[in-house]
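All remarks here apply to the structure that follows.
The chains referred to below are lettered A, B, ... by the order of the sequence lines, with proteins before strands, and numbering in each begins at 1.
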Amino acid sequence: MAQKPSIPKGTRDFSPAEVAKRNYIINTIRQHFQLYGFQPIETPSFENLETLMGKYGEEGDRLIFKILNSGDYLKKADQKAYQEKDSTGLTASISEKALRYDLTVPFARYVVQHQNELELPFKRYQIQPVWRADRPQKGRFREFYQCDADVVGSKSLWQEVEFVQLYDAVFSSLGLEGVRVKINNRKVLAGFAEVIGESEKLIDFTVALDKLDKIGEEGVKNEMLEKGISAQAIAKIQPIFQLKGSFGEKIQGLAEILRTSEAGMEGVEELQFINNAIEQVGLEKSVLDLDVTLARGLNYYTGAILEVAAPDTVKMGSIGGGGRYDDLTGIFGLKNLSGVGISFGLDRIYLVLEELGLFPDEVTETTRVLFINFGEKEALYALGAVKNLRAAGIIAELYPDSAKMKKQMNYANKRGIPFVVLAGAEEMDEKTFTLKDMKKGDQRRVSFEQLLEQVQLKADVE
RNA sequence: GUGGUUGUAGCUCAGCUGGUUAGAGCGCCUGAUUGUGGUUCAGGAGGUCGCCGGUUCGAAACCGGUCUUCCACCCCA
């Protein structure tokens, strides 16, 4: 055999069954987005490099896939940067486009660019692939889909409430139980930093705090020390680690810690508002949980921060996240437009559903009836029935060649087609069909009406 | 980006400290069975041992590089 072709690392091919399952998830998400009043948009796969650079922090810039300029790009290259082997400096001169890194920044760009055509508040959803030059791991790919819903132009906390409901609705609909929607607020984090007198170290502080799950309390404290946060300061926020109990109980403890911080108390009130509303309307299968260590990487969040954790039984990173970002369009020159949104990680949700066996059988079901091909006349006779079955919404097909019976039966078997129809000279004379049930192995001579009834009947029962 | 790990038939994997024609199970193809698949039986096809280079009389095995897989860190869906 010649050398097998391959695909770049972190990318995948999807088989028919995988596409069917992915579509099942996408359709469920899309359906709920629309139920909640979001409208779809799509944006290009690649943006101008400058649209993306600097929006995701230094780490993010590194992970953006840059597209090499066309033509004789070396002529226009920054010679000084080239001589000095300064890759970062050189990039700007040889690349002016890049693959989109997420859907939020392109959305911000879209809003600013089309601001005069939009009716505010604007609720949009977007389901498209994004690319990151990351090193792949379980549930981490270099090409993956995001399913985002965002609202711009409304500061109302009812939006946050609705997003929590939306998460619950989608995951409940997918049959996923025990999903934890974790919530926090940037103002609470800012409050912590203020209370301990380390406001200028907010980012380092929150990044360390975010790792509590992984490295434990001592680990977090050590990292804070390493980042130059004083031991006294760390001692002051000790109560953070003691927050326990229900949402309400944690809120009380939190209010106690943050009582001297105006920003912090604002965050507490927002959390309280959202929790009260959710308690009133109720959730189906998910729980809303206050997690004061939740920070998430993106530094454009200014209010609520959301993250969805898969059920504890599966080891998987977050399967969704989002938050409020008051200043998002500000970076493109449009001030005072508040946005809030959430994202679903399609690829990770897929892995979770697969691991828990939650895909319904009918998702991957394809052809229901296969007609055996006995030759030209018989095929024509069969094709008439195929047409009528299709008209009734039954997926039916005629085997394209009058190959050996064994081969045709085998094809039906391998593809998991539940019914096979044999129609030769006898059946044609009688205007009947021989219908074989591949699971049971029995068969009988039937009219078209009976045939239709049989295959429909089974379809409903299963 | 840092450190580690993996790659042998379509799939899952054996292959001892380097030593003839590289194996198994499953799958695939053919026949027993020219209007009957999934069971059984008989036979068969299929491998530049990821790729490039080095060490050696001799490399799937040892060394270097590279690509890929998975994992930890970083970061994140």
May I ask you to verify if any side-chain N or O of A:K9 is less than 4.0 angstrom from the OP1 or OP2 atom of B:U68? yes
Could you give the distance separating B:A32 and B:U5 at their C1' atoms, to the nearest angstrom? 49 Å
Examine A:R445 relative to A:F433 and say whether NZ or CZ is less than 6.0 Å from the centre of the six-membered ring and inside a 45° cone about the ring axis. no
Which is true for A:G60 with a 4.0 Å heavy-atom rule: it touches a base, it touches only sugar-phosphate, or it touches nothing? nothing
Pairwise C1' distance for B:C70 and B:G7, with rounding to whole Å: 11 Å
Are A:K285 and A:L176 packed together at the side-chain level, in the sense that at least one heavy-atom pair is separated by less than 4.5 angstrom? no
Between B:G4 and B:A77, how far apart are the two C1' atoms, rounded to whole Å? 25 Å
OP1 or OP2 of B:U36 less than 4.0 angstrom from a side-chain nitrogen or oxygen of A:Q443, does that happen here? no
With a 3.5 Å cut-off and just heavy-atom distances, do the side chain of A:R140 and the base of B:C75 make a donor-acceptor pair? yes
What is the nucleic acid contact for A:S343, judged by heavy atoms within less than 4.0 Å: base, sugar-phosphate only, or nothing? nothing
Return yes if some donor-acceptor pair links the side-chain N/O of A:D326 with the main-chain N/O of A:T302 below 3.5 Å, else return no. no
Using a heavy-atom cut-off of 4.0 Å across all strands, would you classify A:G322 as base, sugar-phosphate, or nothing? nothing
Ring-on-base stacking B:A77 with A:F344 (under 5.5 Å, under 30°): no
Nearest to the A:K214 side chain among B:C76, B:U36, B:U2, which nucleotide is it? B:C76
Whole-Å C1' distance, B:U33 and B:C26: 24 Å
Hey, are A:E270 and A:N185 close enough side-chain-wise for a donor-acceptor pair under 3.5 Å? yes
Pairing partner (Watson-Crick or G-U wobble, both distances under 3.5 angstrom) of B:A42: B:U30
If you look at every strand shown and take non-hydrogen atoms under 4.0 Å, does A:E143 touch a base, only sugar-phosphate, or nothing? nothing
Counting C-beta onward and ignoring hydrogens, is there a side-chain heavy-atom pair between A:F359 and A:E354 closer than 4.5 Å? yes
Run A:R444 and A:D437 through salt bridge (Lys or Arg N to Asp or Glu O under 4.0 Å) and show every step you take. CA-CA 9 Å; A:R444 62 193 185 98; A:D437 183 323; over 6 Å; no
So if I take every side-chain heavy atom of A:Q146 and compare against B:A77, B:G1, B:C70, which nucleotide ends up nearest? B:A77
Scanning all shown strands, the Watson-Crick or wobble mate of B:C73 with both distances under 3.5 Å is B:G1
Once hydrogens and angles are ignored, does a donor-acceptor distance under 3.5 Å link the base of B:G38 to the side chain of A:N413? no
Counting side-chain heavy atoms from C-beta on, which of B:A77, B:C71, B:G35 comes nearest to A:F144? B:A77
Paired with B:C62 by Watson-Crick or G-U wobble geometry, both distances under 3.5 Å: which nucleotide is it? B:G54
Using atom P in both nucleotides, what's the gap between B:C52 and B:G23 to the nearest angstrom? 23 Å
Does the B:U2 base have a donor-acceptor partner in the side chain of A:R135 within less than 3.5 Å? yes
When rounded to the nearest Å, what value does the distance between P atoms of B:U8 and B:G15 take? 14 Å
Span that lies between the C1' atom of B:U30 and that of B:A45, in whole angstrom: 10 Å
Within the 4.0 Å heavy-atom criterion, would you say A:G424 contacts the bases, only the backbone, or no part of the nucleic acid? base
Side chain A:K436 and base B:U36 donor-acceptor under 3.5 Å: yes
